[in-house]
There are 2 protein chains.
Amino acid sequence: MKQITIYDIARLANVSVATVSRVINGTAPVKHSTRERIEALIQQYQFQPNAMARSLLKKETGIIGIIVPDLTNPFYTEVLSGAEQEALTTGHTFLLTNSVGDYQKESQYLSIMREKRVDGMIFLGGRINLRNGNETLDQELIQHANTIPTVLINGTVKGNAITRVATDEYAGTCMAVQHLIDNGHEHIAFLGGEMHMSTTSNKLRAFKKTLKDAGLQVREEWILPDSFSIDSGRGLMHKLLELRKKPTAVMCINDFVAIGAIKTAVDHGLFIPDDMSIVGFDDIPLAHHFIPEITTVSQEANELGRTAIRVLQKLMNREKVKKHTVIEPKLMLRKSSAPFR
Amino acid sequence: MKQITIYDIARLANVSVATVSRVINGTAPVKHSTRERIEALIQQYQFQPNAMARSLLKKETGIIGIIVPDLTNPFYTEVLSGAEQEALTTGHTFLLTNSVGDYQKESQYLSIMREKRVDGMIFLGGRINLRNGNETLDQELIQHANTIPTVLINGTVKGNAITRVATDEYAGTCMAVQHLIDNGHEHIAFLGGEMHMSTTSNKLRAFKKTLKDAGLQVREEWILPDSFSIDSGRGLMHKLLELRKKPTAVMCINDFVAIGAIKTAVDHGLFIPDDMSIVGFDDIPLAHHFIPEITTVSQEANELGRTAIRVLQKLMNREKVKKHTVIEPKLMLRKSSAPFR
DNA sequence: ATGAAAGCGCTAACAT
DNA sequence: ATGTTAGCGCTTTCAT
């Protein structure tokens, strides 16, 4: 099954490879008759130029490398989907890798991207979400970003050395907590997240600040980090319901935790939102299909992905870009939150 | 930012490029001292061989092309995730494209895969799920599959000309419907799906057959195709509830439709499963987190992805493979179905 | 309008 | 153990 090359076409058409190249790329005028002869041959033999060979000298691959931490998380796939739509406009395709948040895999994939000479890179999750960063990991990433145009989504590295696009999680959390306060809630808990992740500390800071500004007390026993999963939400709500003094509203680190929390609350005979208001974060598609529909903060995931690619495209064109693009979150008022009483 | 090449390293180490190539690939013994010298240089300059150049003569890219119809659909990402894990074992990376079920995009992406000389291809959705196929589209795909090892997931082309891996949707549907019958339901509806898709006709055939074998009547007004979305499920349940004679159980084309159906039913004051049993298909992660947890047929999406890659790996190694690998579905008994009355 | 030939960065015979 | 060299399939001067 030998692949047919430009030489084969040239020989069959009785022209040089240069001429064939010209008709393929339209880089120079070619006599009508010979052009037609060549085009017919290309059609007939289903000839497709070898992108490797071309990339080798053009130094462009048309590929954007993407590193995501979890392909089954709807938030990331939504970002991916937006990015894909935008990348289409410049004909770029994705080399996709799934790091599972494993730093070693991230390193491995960074190498692969370099070897394959991707035109640009998008990085999500993992090392760029560490609360205190990690010198070595950051250095490695920065070095890659020096060779390959790179955009970080919802994260950063030491010294904010790499271009990034991010939702304003702090503002988003403030909006959500304020919404609860405006509804008369004075006893509000915070559920989920891992303390060593920047997301968690950002949201928690916003949470505390908003309570304080409203003159409300921050009760440490109502601040329960753990992780980001539905199961985590279930367990945490369990803990909350065992407390002597219970909150009337709960802010969750994300929609998964909110779903878990609601499930457990419902299992315990509570009515949501009548007995307790619960709000999430992310606005995954499921959030507005769940029963009850979940009040949450939209990260505009699709837009986040699109924007990241737009910024990356500029970067690849050597245009000037803002080091930091902020996407404003939106509060999505739905059915899992209600006025107190 | 000129990329450093093997020539640069060779010059700096006072050896020939061949020697450098040898230490990089370990293809021949190199004197300890020179090896160390070279390795140090590689480290120092962060040299990474250009995969394009290598691929050009090895005729291997280490890339598997994937065409999916919808990146935001949890079923597909679950398949993708399984595939990714398996591909990792042979160091393959994914060139991912999102066809949105658009045949023209599929064609475009097929071309890209050819140009980029991917080592293999996985194809999901779109043209391979057409009930009656499409001569031209099939021909195109078959032609590509002749050059590039290709595996179809849950679909086929004319004459089953391409290797495929698929869930037994027919058997899965039979299991689910039989489960309803075993629970005393005699009035069962079928919701969702588009009639021109093979999935729909396969499941519908199974549905009718199972009812008939149980001596039950198939009522055409209870067979309501439409599409595969949550909104579709909502609309269809709406229609169902307007009927004079209502079913006591519903088989849905997939979990999305089931979710929509449940939502509408609940909105209308029905209790699920007490007033009506509803079962889905796919077992997306959400299915067992929904309230109520949804009885459904697991497609073993992760396993489906893994298997497809395993088959593809054999294909790429020119090993002999079965033209058709079947994945057996599993019935997941949960809370959205219950005995009649 | 077309052709000849150099070169992109690497590997693998073939020599030494 | 190491070097020389011929490609891999293409684009792009530079000639003609």
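Letters A, B, ... are given to chains in the order of the sequence lines, protein chains preceding strands, and every chain is numbered from 1. Everything numeric here is computed off the predicted structure, so don't read it as measured data.
No donor-acceptor contact under 3.5 angstrom links the side chains of A:Glu78 and B:Thr72, judged on distance only. Donor-acceptor pairing under 3.5 Å is lacking for the side chains of B:Thr199 and B:Asn129. Donor-acceptor pairing under 3.5 Å is recorded for the side chains of A:Asn25 and A:Arg54. Defined by atom type and a distance below 3.5 Å, a donor-acceptor pair is missing between the side-chain atoms of A:Gln85 and B:Asn98. A side-chain donor-acceptor contact under 3.5 Å links A:Ser107 and A:Glu140.
Listed pair B:Lys59 / C:dT11 fails the phosphate criterion, with no side-chain N or O lying under 4.0 Å from OP1 or OP2. Contact check, A:Thr19 against C:dG3: a side-chain N or O comes under 4.0 Å of OP1 or OP2. Distances shorter than 4.0 Å separate some side-chain N or O of A:Ser16 from OP1 or OP2 on C:dG3. Phosphate proximity of C:dT2 to A:Thr34: present, with a side-chain N or O under 4.0 Å from OP1 or OP2.
A straight line from CG of A:Asn25 to C1' of D:dT13 spans 15 Å, rounded to a whole angstrom. Per the geometry, CG belonging to A:Asn14 stands 13 Å off C1' belonging to C:dG3, to the nearest Å. Whole-Å rounding puts the A:Ile4 CD1 to D:dC10 C1' distance at 15 Å. Atom CD1 of A:Ile6 is separated from atom C1' of C:dG3 by 13 Å (rounded to the nearest Å). Rounded to a whole Å, the CD1 atom of B:Ile24 is 14 Å from the P atom of C:dG9. Counting to the nearest Å, the P atom of D:dT2 and the CZ atom of B:Arg11 are 19 Å from each other. The interatomic distance linking A:Glu60 (CD) with D:dT11 (C1') rounds to 13 Å, in whole Å.
The stretch residues 107-121 of chain B does not touch DNA chain C, since none of its heavy atoms comes less than 4.0 Å from the strand. Near-neighbour residues of DNA chain C inside residues 39-57 of chain A, defined by a heavy atom below 4.0 Å, number-ordered: A:Leu56, A:Leu57.
By the salt bridge (Lys or Arg N to Asp or Glu O under 4.0 Å) test, B:Glu84 is found to be paired with no residue, residues two or more places apart in sequence or in another chain being considered. For A:Arg11, the salt bridge (Lys or Arg N to Asp or Glu O under 4.0 Å) partners are A:Asp8, not counting sequence neighbours. Partners of A:Arg306 according to the salt bridge (Lys or Arg N to Asp or Glu O under 4.0 Å) rule, which considers only residues two or more places apart in sequence or in another chain, are A:Glu86.
B:Leu130 places a side-chain heavy atom less than 4.5 Å from the side chain of B:Tyr103.
Across A:Thr167, A:Ile327, A:Thr307, a single residue satisfies side chain to side chain contact (heavy atoms under 4.5 Å, CB included) together with A:Glu300, and that is A:Ile327.
Within a 6.0 Å sphere centred on CD of B:Glu319, other residues, nucleotides and ligands contribute more than 12 heavy atoms.
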Distances for protein N or O near nucleotides 13-16 of chain C N or O, under 3.5 Å:
none

Worksheet item: Is there a salt bridge (charged side-chain N to carboxylate O under 4.0 Å, His left out) between B:Lys31 and B:Glu36 once you walk through the steps?
Response: CA-CA 9 Å; B:Lys31 189 161 56 166; B:Glu36 293 212 315; over 6 Å; no

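The 5' end of DNA chain C is approached more closely, in terms of each residue's nearest nucleotide, by A:His32 than by the other of B:Thr27 and A:His32.
When distances run from any side-chain atom of A:Val17 to the nucleotides C:dT2, D:dT11, C:dG9, the shortest one goes to D:dT11. For B:Tyr7, the side-chain atoms get nearest to C:dC10 when compared with the rest of D:dG9, D:dT11, C:dC10. For B:Ser21, counting side-chain heavy atoms from C-beta on, the closest listed nucleotide (C:dT2, C:dT11, C:dA1) is C:dT11.
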